[in-house]
Amino acid sequence: SSTDVFVKIKSESLGQFTGEIIHASTGAADVVLVIEAIAMSKPEGGPDTLVIAANQTAAFSTGNFTFTDADGDIMGGILIVTPETKGDLEYNDINVTAGETCLDASKITFRPFENESGRPYAGFGFRLIDTRGLLSDSTYTMTIFVNNAPQVMNPIPDGNANVGTAYSYVIPQNTFG
C-alpha cells in the first residue's frame, strides 16, 4: 500500500537542503529529498503623488505606484494601512478601510469633496503586494494634490488685431485667482 507524505521545510537562508524520510516501522530511508531554496524578495516602493482637478474622480493604475522587486515580480496590488485623510477613496466602488487588500489598482478611485482643493489635499498609507503575495516591509504614502480651475477675477478687455500685423497682450497679474 502507499502512503502520502507531506514535508514542510522552512529556512531563512538560501541553498540546497538534503533530508530523508524514514519509515516509522523499519527505520529505512524510503525517499531522499533534495530541496533547493530560492530567493523571494519583497517588493519595495516609495512615496507617490497624484495631481487631479477639483470635482473630478481619479482612477488609479499600477503606474501611479513606485514599484520594484529584485526577483522580477510585478505589482499585485496594495494593502491599505491608513485610509484617506480627506475625500473619498474607494476600491471597486466601496469605501476603503484600514487593512483592506486592493488587488487590482485600476479599481481604486479617489474623489475630493465637492468644490474643495488643496496642495496637498489628502493622503493615504499603503504597503505594496507583489504577484507572489509578498508585502513590502515599509508603508508608503500617496499624497494627493487637488487643483482648482483658475477663476477670472478681473475681466480681460477685448483687443483689436489686424491681419498681417503682430499682436501681443500682457495679462495683468491679478486677472486670475
Side-chain angles (χ1 to χ4, degrees), residues 38-177:
I38 59 170
M40 289 181 39
S41 64
K42 293 180 180 182
E44 295 180 1
D48 294 299
T49 59
L50 177 71
V51 179
I52 63 172
N55 303 323
Q56 299 294 314
T57 298
F60 284 84
S61 71
T62 56
N64 293 114
F65 300 92
T66 301
F67 182 90
T68 59
D69 195 302
D71 58 7
D73 293 328
I74 60 173
M75 185 173 157
I78 63 170
L79 171 73
I80 301 294
V81 176
T82 53
E84 73 278 19
T85 55
K86 195 174 189 182
D88 185 27
L89 182 66
E90 295 186 353
Y91 180 66
N92 210 17
D93 298 323
I94 299 171
N95 195 47
V96 300
T97 58
E100 185 165 352
T101 301
C102 305
L103 296 178
D104 183 349
S106 70
K107 293 182 180 182
I108 303 169
T109 59
F110 178 81
R111 182 169 181 86
F113 294 135
E114 195 70 23
N115 298 320
E116 288 191 355
S117 62
R119 297 191 56 78
Y121 175 80
F124 64 91
F126 63 95
R127 290 174 66 191
L128 295 164
I129 304 170
D130 69 14
T131 49
R132 294 182 199 227
L134 296 177
L135 281 169
S136 61
D137 287 329
S138 298
T139 297
Y140 305 103
T141 300
M142 175 66 71
T143 303
I144 301 169
F145 295 87
V146 178
N147 292 332
N148 240 344
Q151 297 179 359
V152 176
M153 304 305 283
N154 295 305
I156 300 172
D158 290 335
N160 293 319
N162 296 319
V163 175
T165 304
Y167 177 81
S168 67
Y169 178 78
V170 177
I171 298 173
Q173 287 184 337
N174 63 353
T175 301
F176 298 101

*Asks:* Does a side-chain heavy-atom distance below 4.5 Å link Arg119 with Asn147?
*Replies:*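 They are in side-chain contact.
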*Asks:* I want to check something: taking the side chain as every heavy atom from C-beta on, are Met40 and Leu134 in contact at a cut-off of under 4.5 Å?
*Replies:*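 The answer is yes, as the side chains (C-beta and beyond) meet within the 4.5 Å cut-off.
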*Asks:* Mind running side-chain contact (heavy atoms from CB on, under 4.5 Å) on Phe124 and Thr141 for me, showing each step along the way?
*Replies:* CA-CA 6 Å; Phe124 64 91; Thr141 300; over 6 Å; no
*Asks:* Taking side chain as C-beta onward, heavy atoms only, is Ser136 less than 4.5 Å from Arg127?
*Replies:*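 Result yes, sub-4.5 Å side-chain heavy-atom pair found.
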*Asks:* Would you say that Val96 contacts Glu100 through its side chain, given a criterion of any heavy-atom pair below 4.5 Å between the two side chains?
*Replies:*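 Yes, close enough: below the 4.5 Å cut-off.
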*Asks:* Using atom types as modelled and distance alone, determine if a side-chain donor or acceptor of Tyr140 lies under 3.5 Å from a backbone N or O of Pro47.
*Replies:*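 Side chain of Tyr140 to backbone of Pro47, a donor-acceptor pair under 3.5 Å: no, none is there.
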*Asks:* Please find the pair of heavy atoms, one from Ala105 and one from Ser61, that lie closest to each other, and give the distance.
*Replies:*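 Reported closest heavy-atom pair: CB-C, 3.7 Å.
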*Asks:* Flag the pair Thr143 / Asp48 as yes when at least one side-chain heavy-atom distance between them is below 4.5 Å, and no otherwise.
*Replies:*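 Side-chain contact under 4.5 Å: no.
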*Asks:* Asp130 vs Lys42, test: side-chain contact (heavy atoms from CB on, under 4.5 Å). Steps then yes/no.
*Replies:* CA-CA 7 Å; Asp130 69 14; Lys42 293 180 180 182; 5.9 Å; no
*Asks:* Within the structure provided, determine whether Asp88 and Asn95 are in side-chain contact (heavy-atom separation under 4.5 Å).
*Replies:*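 A side-chain contact under 4.5 Å exists here.
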*Asks:* Do any side-chain atoms of residues 76-86 form donor-acceptor pairs under 3.5 angstrom with protein atoms, and if so which ones, sequence neighbours left out?
*Replies:*
residue: Thr82; atom: OG1; partner: Gly125; partner atom: N; Å: 2.9
residue: Glu84; atom: OE2; partner: Leu89; partner atom: N; Å: 3.3
residue: Thr85; atom: OG1; partner: Gly123; partner atom: N; Å: 3.1

*Asks:* So how far is it from Asp104 CG to Asn92 CG, rounded to the nearest 0.5 Å?
*Replies:*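 Rounded to the nearest 0.5 Å, the CG-CG separation comes out at 8.0 Å.
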*Asks:* When rounded to the nearest 0.5 angstrom, what distance separates CG in Leu103 from OG1 in Thr131?
*Replies:*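 Rounded to the nearest 0.5 Å, the CG-OG1 separation comes out at 11.5 Å.
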*Asks:* So do the side chains of Ile129 and Thr101 get within less than 4.5 Å of each other, counting heavy atoms only?
*Replies:*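 The answer is yes; the side chains approach within 4.5 Å.
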*Asks:* Distance check, rounded to the nearest 0.5 Å: Ile108 atom CD1 versus Thr62 atom OG1?
*Replies:*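 The distance works out to 10.0 Å.
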*Asks:* Would you check if Thr49 and Met142 make a side-chain contact, meaning some heavy-atom pair closer than 4.5 Å?
*Replies:*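 Side chain of Thr49 against side chain of Met142, heavy atoms only: no contact under 4.5 Å found.
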*Asks:* Quick check: does any side chain N or O of Ser41 sit under 3.5 Å from a backbone N or O of Asp69, one acting as donor and the other as acceptor?
*Replies:*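 Not at all, since once roles are kept as given, no pair shorter than 3.5 Å links the two residues.
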*Asks:* Indicate the atoms forming the closest heavy-atom contact of Ser117 with Asn148, along with that distance.
*Replies:*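 For Ser117 and Asn148, the tightest heavy-atom pair comes out as OG-ND2, 3.4 Å.
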*Asks:* Any pair with a residue in residues 61-117 that passes ring pair (Phe, Tyr, Trp, His ring centres under 6.0 Å), sequence neighbours left out, goes on the list, sorted by first then second residue, please.
*Replies:*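 For residues 61-117, and leaving out neighbouring residues, the ring pair (Phe, Tyr, Trp, His ring centres under 6.0 Å) pairs sorted by first residue read Phe60-Phe65, Phe65-Phe126.
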*Asks:* Ala58 and Leu50: which non-hydrogen atoms are nearest, and at how many Å?
*Replies:*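 Minimum heavy-atom contact is CB-CD2, 3.9 Å.
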